Protein chains: 2
Amino acid sequence: MTLEARNPDNTNRVLMQIRRMIDSGDLPEHPRLPNERELSTRLGAGRRAVRNALEALEAEGLIWRRQGKGTFLGLPPDPAGALVAEIVPASDPLSVMEARLYLEPGLAELCARRATGEDVERLRALADRVAASGDADSRELWDGALHRLIARIADNRLLLTAFSLMDEVRMNEKWQRDRQRARSAEKLALYARQHRKIIEAIEARDGPGARQAMTDHLNELSGNLRASMAEDDG
Amino acid sequence: MTLEARNPDNTNRVLMQIRRMIDSGDLPEHPRLPNERELSTRLGAGRRAVRNALEALEAEGLIWRRQGKGTFLGLPPDPAGALVAEIVPASDPLSVMEARLYLEPGLAELCARRATGEDVERLRALADRVAASGDADSRELWDGALHRLIARIADNRLLLTAFSLMDEVRMNEKWQRDRQRARSAEKLALYARQHRKIIEAIEARDGPGARQAMTDHLNELSGNLRASMAEDDG
DNA sequence: GGTTGAACCAATACTGAAATGGTTCAGTAC
DNA sequence: GTACTGAACCATTTCAGTATTGGTTCAACC
């Protein structure tokens, strides 16, 4: 045998193909990528080439992998998440939004103090994915990853756990997730601008600016949530 | 057949027998009791009688039961405790103080918005207790109660859970509790003034003022902590 | 150097049987 | 009616065995 064994730049070819898969977002089981063996056969490359490509994507913070589990889009879950889920209190959408308003601006401020250049690159990559996402599911995925990365970069274990607490509740309350979805292209463009502004302040090490930008962003989300709830009541 | 079906006070007899088992402590797998069916046959009673006895013991807090799991001596495991246990080794006094600085000012602001006249009275009573305490232990106790009440009045379950988490971690960091103790009468007087200022802002429904007053207070505590740590290093 | 294919390792998920507390019901004895 | 027994069934959890998946190593090929 010894079919084709040479494809000098297969790693890069596969990398770009997987990048396209991520961009288009058409995955059989959405947040999860096909396993390495299947990617290998489907893309006509060795498993080594596939793994090289995945390693690059993981370094960029676009995917995460776990032995025995699989490869997934976004950021890895907080290790304390399982424990956190045990104590999440029941909350209504408005109080969850209130908690976000009181937690995340502070996290953005700390993030601005502590982010490295590499961190900023990752934040940008995630913000780009939010903007490039065609469907609401992908947007939600990447938006969640962006906010979580800010919380992680803030680098305070207790505050990160508090964030996870809030995030768990938010994820569990599926009934109201639709409400937080942008209803128009204008809103989407606004969110993209707000994300950019937050990241720019972080890059400039402007803590108060990052805090303010995050506050503005969440106030916008909060307003939309209230409007959507009032709409249903009326 | 229909052997003995009457044992008019079987529940009580079984209850006492199980009590003896617990007292003597000779259980095959120690913290765990034999399952209900086995107890039933071994003690010559119906399962109903055994369950009645176990219900009484559970109400007393001597045992706890979980479907599919078993019956065990002592109190049920506390999920929050497990979370705290995981966070404590990964956190140092400064990061806990940082979390306080990012959580409590917001709680004070919410508190100012939501406190009733009765709430303010209770806050004042606690602040008086702090000021009147003669020893460091009781000061710590009442000071903790004051800050916790502010968090409760803020009336957001998520933020309250986050605060409780932080509070428990703080309590668990025994190695550094001495450091946070005021070292002089001047400091004590300053803390008393700061507490008063926080409560006055809350009473005046001045959210930003309460936030600022709490920030000032925590910054003072933070400065003392740093000074005490630098002292030990030098 | 990079690539391929194959095998093996280690962590995780999955499946099905068994164990366990929770519940209901008919029957029995007082 | 009240209390107890026995049996059946339900819901949750555990456990053991299997399959899946990423992680690693190796020989061979260009």
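Keep in mind that this is a model prediction, so the values were computed, not measured. Below, chains carry the letters A, B, ... as their sequence lines are ordered, and counting in each starts from 1.
- Which of C:dT23, D:dG22, C:dT3 sits closest to the side chain of A:N10 comes down to C:dT3.
- Going from atom CD of B:E36 over to atom P of C:dT23 covers 10 Å, rounded to whole Å.
- Using cut-offs of 30° and 60° on the angle between ring planes, the pair B:F72 and B:W64 is parallel.
- Across B:A99 and B:M166, no two heavy atoms sit closer than the pair CB-CG, 4.4 Å.
- To the nearest angstrom, P of C:dG22 lies 9 Å from CG of B:L54.
- Closest to the side chain of B:N35, out of D:dC4, C:dT4, C:dT20, is C:dT20.
- Place B:A45 and A:E55 on DNA chain D by their nearest nucleotides, and B:A45 ends up nearer the 5' end.
- Backbone-only contact: A:R65 has heavy atoms under 4.0 Å from sugar-phosphate atoms and none from a base.
- Residue B:E58 contributes atom CD, which lies 11 Å from atom P of C:dG21 at whole-angstrom precision.
- Neither OP1 nor OP2 of C:dG2 sits under 4.0 Å from any side-chain N or O of A:N12.
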*asked:* Working note: A:R170 + A:D167, criterion salt bridge (Lys or Arg N to Asp or Glu O under 4.0 Å); need CA distance, chi angles, decisive distance, verdict.
replied: CA-CA 5 Å; A:R170 207 163 60 86; A:D167 211 32; 3.2 Å; yes
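- Under a 3.5 Å cut-off, the side chain of A:R13 and the backbone N or O of A:L43 do form a donor-acceptor pair.
- Contact annotation: the side chain of A:I153 never approaches that of A:I202 to less than 4.5 Å [non-hydrogen atoms, C-beta and beyond].
- For the residue pair A:N10 and A:A45, the shortest heavy atom distance occurs at ND2-CB, 3.8 Å.
- Residue contacts for A:T71: at a heavy-atom cut-off of 4.0 Å it reaches the sugar-phosphate backbone alone, with no base atom in range.
- Aromatic ring orientation, A:H195 versus A:H147: perpendicular (interplanar angle above 60°, classes split at 30° and 60°).
- Side chain of B:R51, nearest nucleotide from C:dT3, C:dG22, D:dT24: C:dG22.
- B:T11 has a side-chain polar atom (N or O) that falls below the 4.0 Å cut-off from OP1 or OP2 of D:dC4.
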*What string of B, S and - do you get for nucleotides 6-15 of chain C 5' to 3' if you count protein non-hydrogen atoms under 4.0 Å?*
-BB-BBBS--
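- Along DNA chain C, the nucleotide nearest to B:G70 and the one nearest to A:V50 differ in position, and the one closer to the 5' end is contacted by A:V50.
- Using a 4.0 Å cut-off between charged nitrogen and carboxylate oxygen, A:R193 and A:E220 do not count as a salt-bridge pair.
- An end-to-end axis angle of 10° holds for the helix from C:dG1-D:dC30 to C:dC30-D:dG1, taken from five base pairs per end and rounded to 10°.
- As rounded to whole Å, 17 Å separates atom C1' of D:dG6 from atom CG of B:L43.
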_Working for salt bridge (Lys or Arg N to Asp or Glu O under 4.0 Å), residues A:R129 and A:D143_ = CA-CA 8 Å; A:R129 297 271 65 73; A:D143 181 78; over 6 Å; no
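- Atoms CG (B:L15) and P (D:dC4) sit 12 Å apart, rounded to a whole Å.
- For the pair A:R48 CZ and D:dG22 P, the interatomic distance rounds to 13 Å; values are reported in whole Å.
- Residue pairs meeting the salt bridge (charged side-chain N to carboxylate O under 4.0 Å, His left out) criterion with at least one partner in residues 151-162 of chain B, sequence neighbours excluded, are absent.
- Rounding to whole angstrom units, CD of residue A:E38 and C1' of D:dA19 are separated by 16 Å.
- B:L39 has its CG atom 13 Å from the P atom of C:dG22, to the nearest Å.
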